[in-house]
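Encoded as structure tokens, the structure appears first; notes follow it.
Reckoned from all heavy atoms, side chains included, excluding hydrogens, waters and symmetry mates.
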Amino acid sequence: MKPVLLLVDLQADFLASAGLQPAPEAIVHPAAELLQNCRRRLKIPVIHIWTTLDRKTDGRLPHWKKNRLWQCVAGTPGHQTPAALQPQKTETVIHKTGFNGFAGGALDAALIKLKADTLIVAGVHLHTCVRTVAAEGLERGLQVLVAEDAVGSNDPVFAAATRRWLAERCVDFLPVKQIVARLEGKLPSKLIHRSPRATKKILFEIPVVGAKEISAATASAHSAGKSWRNKNISARCAILEKAAQRLEAAAPALARQMALEVGKPIAHGLEEARRAAASIRDVCRRASAFEFLQRTLAGWVRHEPLGVIALISPWNNPVAIPIGKIAPALVYGNTIVWKPAPVAQAISEVILKLLRESGVPKSAVQIISGDHTTAQKLAADERIAAVTITSSVQAGYAIQEICARRFLPLQAELSGNNAAIVWDDADLSHAAKQIVWGAFGFAGQRCTANRRVIVSAAKFGKFWRELKLAAEKLSWGDPLDKSTDIGPVIHAGKRAEHLEWVRRLQASGAARRVEFLFARKAKAGNLKLGAYAQPVMVACDQPDHPLVQEETMSPLLIVQRAKDFSQALQLCNRVRHGLVAALFSDSQKLQKRFMAGVQTGMLKINSATAGVDVSLPFGGWKMSGFGPPEHGDGDRLFYTRMQAVYGATA
């Protein structure tokens, strides 16, 4: 193999594009990591491909001219690439004016000279110039690898379609670390999960199933659909009540397994398992009271099951989230093919066994194993009638594109960047206790975690002290200890990412204050063996800073100041997410303003953003969700479809 790294359009003007996803820093950092590995460890040649315009010759694309847009003009700051990606004197820079990544033969000549047979591509935008470079590489018989965490786009749905199209044509999308491992011949053939408590210990391997296994699972679930939907509602609920009872009995064992395999504190795991049982019972109660055939003046309205549901679940709530989808899907007459997150595979198998022991037919719920590509292939299977997913925004875009192409119903619960507003009349001690529990409990790895707190500027100093005092009363340590509130993050890479976010914030000068908590305990040898990320509080008054805008899924709390309540509401809404928000104030006037002005799917008064009740709808607004919410009446809205009947007697 003779690989060459191509860095495409990683220039200031493109990185500043409105709507670029992920955020510029989240693209530049892995791209810089890839670049340094190619230079130092792998000794791979590097070629920089830049868009370069000259106002005299005006080689702009037609749509740039139409919109009077000038970008990447030679000699301007917008033409430059970030410092971490600057070319070295020995590296080739190829200039282009449009989409043509091969730049009129210049790239061809450079690759022929290097005798390249493999392209490694990073850059923006995935749906335009990165796509062109990859496609033209394929035309020339080259192998193409795309660094999936070092590319971005300002049209994420188009980018998802592009990724699918390229992958179908044998372009491999891999994260930077896996590309480096592959080039070194160290990429494992199976997915490996290491213990969060002791990161050198391998817990298990997860195979990635292929199209044949996916097709067999959906065919089996489809065949089981007729007999399952023909069972009456009371029979289906009776089976699920047995499942709820088994869940309750298995709660201690499941909690221990969650502590060992995902690092969830055992007390949190117990609560999760019991909440899952409560969720089953709430679903059955609602379904039993619902009239599936309703008489109207003009005829009848029937509520029918959809068919085979593709269920894609995350690792952080490996019991409650899938049960919260499986129970309503089954109660309303559907069957399921379930693709859990790889690290939750073993726990998922235990849940499947429990369901079957409760009387759920073997074919009614099927499990397949694999990564995000497996989930996408499942969603694209012709027998799938709807998709429910809990995952990241990027995964949501990929599944949304597939569902849009197939006209499938989609329920997507995506990430959260949740804020709590603490105002002048609040009980600061109570607010601090609630917020640090919401921010740091389970190492901040809940989608409802209290990611940000917005405090009245007049109370900032006092509240900061209350936060620190309350946080250090929490217990950080082994998730098997019943007193632990904060365990490890999911893997060592997440711990490194957590620290890197803080380092970059400090280097940018955007942090007014940074406070690492548990300073003495952080030096403990037993914590160093696992993926224990030191909890940290950061004061940042730059609302558009990437650390404020992005969900980190780690024990990191951002504290923002607001001069008045109007600004507090603006800061609360000034992120792309809209899952949950909280207000700490007893003022009815402020509570009304909060409920009228905040753009989230869930609102909480005087309690942390974390923590939910299974009887209420769970769903995000903006980029935190798509489709009907989970739980409550949202279940029926998603898992059944209405059919009008004219002229029938009953």
Could you tell me whether R163 sits above the aromatic face of W165, with NZ or CZ closer than 6.0 angstrom to the six-membered ring centre and within 45 degrees of the axis?
no
Does R512 make a cation-pi contact with F460, if we ask for NZ or CZ under 6.0 Å from the ring centre and within 45° of the axis?
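Yes.
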Within this structure, what is the [atom1]-[atom2] distance for the pair [X] and [Y], rounded to the nearest 0.5 Å?
{"X": "I399", "Y": "I312", "atom1": "CD1", "atom2": "CD1", "answer": "4.0 Å"}
{"X": "I490", "Y": "N316", "atom1": "CD1", "atom2": "CG", "answer": "8.5 Å"}
{"X": "L579", "Y": "S624", "atom1": "CG", "atom2": "OG", "answer": "5.0 Å"}
{"X": "L61", "Y": "N67", "atom1": "CG", "atom2": "CG", "answer": "11.0 Å"}
{"X": "E184", "Y": "L187", "atom1": "CD", "atom2": "CG", "answer": "11.0 Å"}
{"X": "T128", "Y": "D155", "atom1": "OG1", "atom2": "CG", "answer": "9.5 Å"}

Quick check: closest heavy atoms across [X] and [Y], and the distance to 0.1 Å?
{"X": "F463", "Y": "I435", "result": "CZ-CD1, 3.9 Å"}
{"X": "I421", "Y": "C572", "result": "CD1-CB, 4.1 Å"}
{"X": "L142", "Y": "A116", "result": "CD2-O, 3.4 Å"}
{"X": "P24", "Y": "L20", "result": "CG-CD2, 4.0 Å"}
{"X": "P77", "Y": "A12", "result": "O-CB, 3.5 Å"}
{"X": "R504", "Y": "H29", "result": "NH1-CG, 3.2 Å"}

Taking the side chain as every heavy atom from C-beta outward, state whether [X] and [Y] have any pair of such atoms under 4.5 Å apart.
{"X": "V502", "Y": "L505", "answer": "no"}
{"X": "V73", "Y": "R55", "answer": "yes"}
{"X": "K468", "Y": "M537", "answer": "yes"}
{"X": "L7", "Y": "I49", "answer": "no"}
{"X": "V536", "Y": "L517", "answer": "no"}
{"X": "W501", "Y": "P546", "answer": "yes"}
{"X": "V121", "Y": "V144", "answer": "yes"}
{"X": "P3", "Y": "L183", "answer": "yes"}

For the pair [X] and [Y], find out whether any cationic side-chain nitrogen is under 4.0 Å from an anionic carboxylate oxygen.
{"X": "D149", "Y": "K177", "result": "no"}
{"X": "E551", "Y": "R451", "result": "no"}
{"X": "D58", "Y": "R60", "result": "yes"}
{"X": "D541", "Y": "R561", "result": "yes"}
{"X": "E91", "Y": "R39", "result": "yes"}

Between [X] and [Y], is there a donor-acceptor pair closer than 3.5 Å when you use the side chain of the first and the backbone of the second?
{"X": "D117", "Y": "K2", "value": "yes"}
{"X": "K622", "Y": "G601", "value": "no"}
{"X": "Q567", "Y": "K563", "value": "yes"}
{"X": "D564", "Y": "S566", "value": "yes"}
{"X": "K115", "Y": "I112", "value": "no"}
{"X": "D9", "Y": "G123", "value": "no"}
{"X": "R140", "Y": "E136", "value": "yes"}
{"X": "Q11", "Y": "H79", "value": "yes"}
{"X": "Q400", "Y": "V157", "value": "no"}
{"X": "R182", "Y": "L174", "value": "no"}

Just checking K190: does its NZ atom have more than 12 heavy atoms from other residues, nucleotides or ligands closer to it than 6.0 angstrom?
no
Angle class for the H125/H127 ring planes (parallel below 30°, perpendicular above 60°, tilted otherwise)?
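The rings of H125 and H127 sit tilted, inter-plane angle from 30° to 60°.
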Which class fits the ring pair F14 and W64: parallel under 30°, tilted 30 to 60°, perpendicular over 60°?
tilted
Please walk me through it: do T118 and V4 pass side chain to side chain contact (heavy atoms under 4.5 Å, CB included)?
CA-CA 6 Å; T118 302; V4 174; over 6 Å; no
Side chain to side chain contact (heavy atoms under 4.5 Å, CB included), paired with I120, selected from L6, V146, I44
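When side chain to side chain contact (heavy atoms under 4.5 Å, CB included) is applied between I120 and each of L6, V146, I44, only I44 qualifies.
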S392/L414 under side chain to side chain contact (heavy atoms under 4.5 Å, CB included): CA gap, chis, key distance, verdict
CA-CA 5 Å; S392 66; L414 307 174; over 6 Å; no
Would you say the side chains of [X] and [Y] form a donor-acceptor pair under 3.5 Å?
{"X": "R574", "Y": "Q570", "value": "no"}
{"X": "E413", "Y": "T390", "value": "no"}
{"X": "K339", "Y": "T374", "value": "no"}
{"X": "T199", "Y": "H491", "value": "no"}
{"X": "Q21", "Y": "R576", "value": "yes"}
{"X": "T373", "Y": "D371", "value": "yes"}
{"X": "R452", "Y": "N418", "value": "no"}

Go through the steps for V28 and T81 under the test side chain to side chain contact (heavy atoms under 4.5 Å, CB included), then give the verdict.
CA-CA 10 Å; V28 171; T81 195; over 6 Å; no
Please walk me through it: do W464 and E515 pass side chain to side chain donor-acceptor pair (under 3.5 Å)?
CA-CA 10 Å; W464 181 275; E515 185 107 35; 3.2 Å; yes
For the pair T552 and L547, evaluate side chain to side chain contact (heavy atoms under 4.5 Å, CB included) and give the outcome as yes or no after the intermediate values.
CA-CA 8 Å; T552 61; L547 187 61; 4.0 Å; yes
Among Q534, H498, Q445, E497, the one residue meeting side chain to side chain donor-acceptor pair (under 3.5 Å) with S554:
H498
With S415, which residues qualify under side-chain hydrogen bond (donor to acceptor under 3.5 Å, both in side chains), at least two apart?
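Residues passing side-chain hydrogen bond (donor to acceptor under 3.5 Å, both in side chains) with S415: H577.
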